[in-house]
Amino acid sequence: MEKFFRPLRIEQYEALIGAEAVERIMLKAKRLHDLRVINISSTFYGGGVAEILSSLTLAQRAIGVRADWRLIQGSPDFFSVTKKLHNALQGGDINLSELKKEIYEEVNFQNSIRMEVEADVVVVHDPQPLPMVTHYRRACPWVWRCHVDLSRPHAPCWDYLRQFVEQYDAMIVSLPEYAQEVDVPQLFFMPAIDPFSIKNRELSEAEVRDRLDHYGIPDDLPIVAQISRFDRWKDPQGVIEAFKLARREVDATLVLLGNVATDDPEGQEVFESLLGCKEERILILTAEDSALVNALQRHAAVVLQKSLREGFGLTVTEAMWKGTPVIGGDCGGIRHQIEDGKNGFLVSSVEQAAARIVQLVKDADLRRRLGEAAREMVRGRFLMSRLAEQYLDLFAAFEPRFALNHPRGGGRLEYLPPGGRRSNKGR
Ligand code: UDP
């Protein structure tokens, strides 16, 4: 059985990033050995945050950081509000009523009552648990990690959320262009992938074929795939239109594989709205299967990620790692991964996407060239070892606080009764 357990060893990265880098990370980790880090998010499954936390916490454990991951619980109306906040942060509109604020703040308060937080650093992910911070007497640094595309947030929504953000000791966003005017130090961490996970490790031809056969995905024609949560920002409709245009010139199969995050009440509706578009060569699938994601990203002639907004776009990284050329929407984090014409293509319309599909399906040599450059880009910049090291640097920057306020082994944070909001002064 043992061969199935993924060994948690940072040394595994040596072949990818070099012995020197591994040694440097281990040295930094040694200084912070046994540091207790608690991550708080709103779902264990579906979407990039869950994907990153699954591998980041394992990578941190592998270097001696005691990384933990907790969830907040919420009713459907809570997640309906938080999805609206998420959309508004990405530039959508929101009617920010008092009732929505009450649901949002009340559920966070209830979660804070249930959740004991005993840590050296707390990292809160995305808007859902953002107000949690207001209900604890902080004996350690709290960091808000925002994963969404903050380039154009809806102003009233941001003004409302800022009061919570400013309670934190630092805020991390994915890109410098997401920086906000806010009275908190801001850092920029781009996400990363775990190259050893089932989703990203090498697969044999037989394993790829087995996954495709299992889901009845034909491989007689080149495959064009988009693998994404069912979300309007990912523009699945635009993908289908682009594919139909491209098919006037080249023959191929489109596979739209998607899932619905447990904290996203809109996903099911988006999925159902697409079902009418199914055709013999347009497959719309939903399956909770990381090996299928791997097989598709690996086998596809072209992967699309035609997003209209994209905080980062791990699906782009994942496909690029497999040497598959990606056609990505020219937005957010996709721009930081794809260098147009060098390791993939950036597009801003259905017509552009269609033209690039045609070009790539026709030209195997171009696919190989872009794919090789894509893998190299990920190897150099988007592996989990880099993200784990950035977190180590951040934690190290807080070190005087651990010594001052929070001797190891103690310092449990206490629940404050309602109204006991901590002020920013005298930290
Ligand atoms: N994903 C998956 N199955 C699917 C669709 C998506 O496992 O059917 C995964 C995908 O492989 C990636 C994550 O969900 O790891 C999506 O992350 P991304 O940053 O691209 O987008 P987000 O959903 O966070 O907006």
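Please read all numbers here as calculations on a predicted model, not as lab measurements. Keep in mind that the numbers below use all heavy atoms, side chains included, and drop hydrogens, waters and symmetry copies. As the structure lists them, so they are numbered: ligands from 1, and atoms in each ligand from 1.
A salt bridge links Glu372 with Arg368: at least one charged nitrogen is closer than 4.0 Å to a carboxylate oxygen. With respect to the salt-bridge test (charged N to carboxylate O, under 4.0 angstrom), the residues Arg298 and Glu202 qualify. In this structure, Glu376 pairs ionically with Arg379, as a charged nitrogen and a carboxylate oxygen lie closer than 4.0 Å. Salt bridge absent: Asp68 and Arg36 never bring a charged side-chain N and a carboxylate O closer than 4.0 Å. The pair Arg201-Glu207 meets the salt-bridge criterion, with a side-chain N (NZ, NE, NH1 or NH2) lying under 4.0 Å from an Asp/Glu carboxylate O. Of the charged side-chain nitrogens involved, at least one lies within less than 4.0 Å of a carboxylate oxygen, so that Asp231 and Lys83 count as a salt-bridged pair.
Residue Lys199 approaches ligand 1 through these ligand atoms, each under 4.0 Å from one of its heavy atoms: 2 (C), 7 (O), 9 (C), 10 (C), 11 (O), 15 (O). The atoms of ligand 1 that sit less than 4.0 Å from any heavy atom of Glu318 are 10 (C), 11 (O), 12 (C), 15 (O). Within ligand 1, the atoms closer than 4.0 Å to a non-hydrogen atom of Val293 are 2 (C), 3 (N), 7 (O), 11 (O), numbered from 1 in the order shown. Heavy-atom proximity to Gly313, at under 4.0 Å, picks out these atoms of ligand 1: 19 (O), 20 (O). When each atom of ligand 1 is checked for a heavy atom of Glu51 under 4.0 Å away, the hits are 15 (O).
Checking only distances, Val49 never comes within under 3.5 Å of ligand 1, N or O to N or O. Ligand 1 has no N or O atom lying under 3.5 Å from any N or O atom of Tyr45, backbone or side chain.
Ranking protein heavy atoms by distance to atom 8 (O) of ligand 1, first place goes to Gly258 C, 3.2 Å. Among all non-hydrogen protein atoms, the one lying nearest atom 18 (P) of ligand 1 is Leu314 N, 3.5 Å. Here the heavy atom of the protein found nearest to atom 3 (N) of ligand 1 is Asn259 ND2, 3.3 Å. The nearest protein atom to atom 23 (O) of ligand 1, hydrogens excluded, is given as Arg229 NE, 2.6 Å; this is a heavy-atom distance.
Here the closest heavy-atom approach between residue Glu116 and residue Arg70 is recorded as O-NH1, 2.7 Å.
When heavy-atom distances to ligand 1 are checked against a 4.0 Å cut-off, Thr315 comes that close through both its backbone and its side chain.
Between Tyr13 and Phe196, the ring center distance clears the sub-6.0 Å criterion. Aromatic rings from Phe164 and Tyr160 are positioned such that their centres are separated by under 6.0 Å. Between Trp321 and Phe382, the distance from one ring center to the other does not fall under 6.0 angstrom.
Contact between Ser290 and ligand 1 is absent, with no heavy atom of the residue lying under 4.0 Å from the ligand. A heavy-atom separation below 4.0 Å is not found between Gln305 and ligand 1.
Scanning Lys234, His147, Gln226, His86 for the heavy atom closest to atom 21 (O) of ligand 1 points to Lys234. When Ser228, Gly46, Ser174, Gly48 are ranked by how near their heavy atoms come to atom 16 (C) of ligand 1, first place goes to Gly48.
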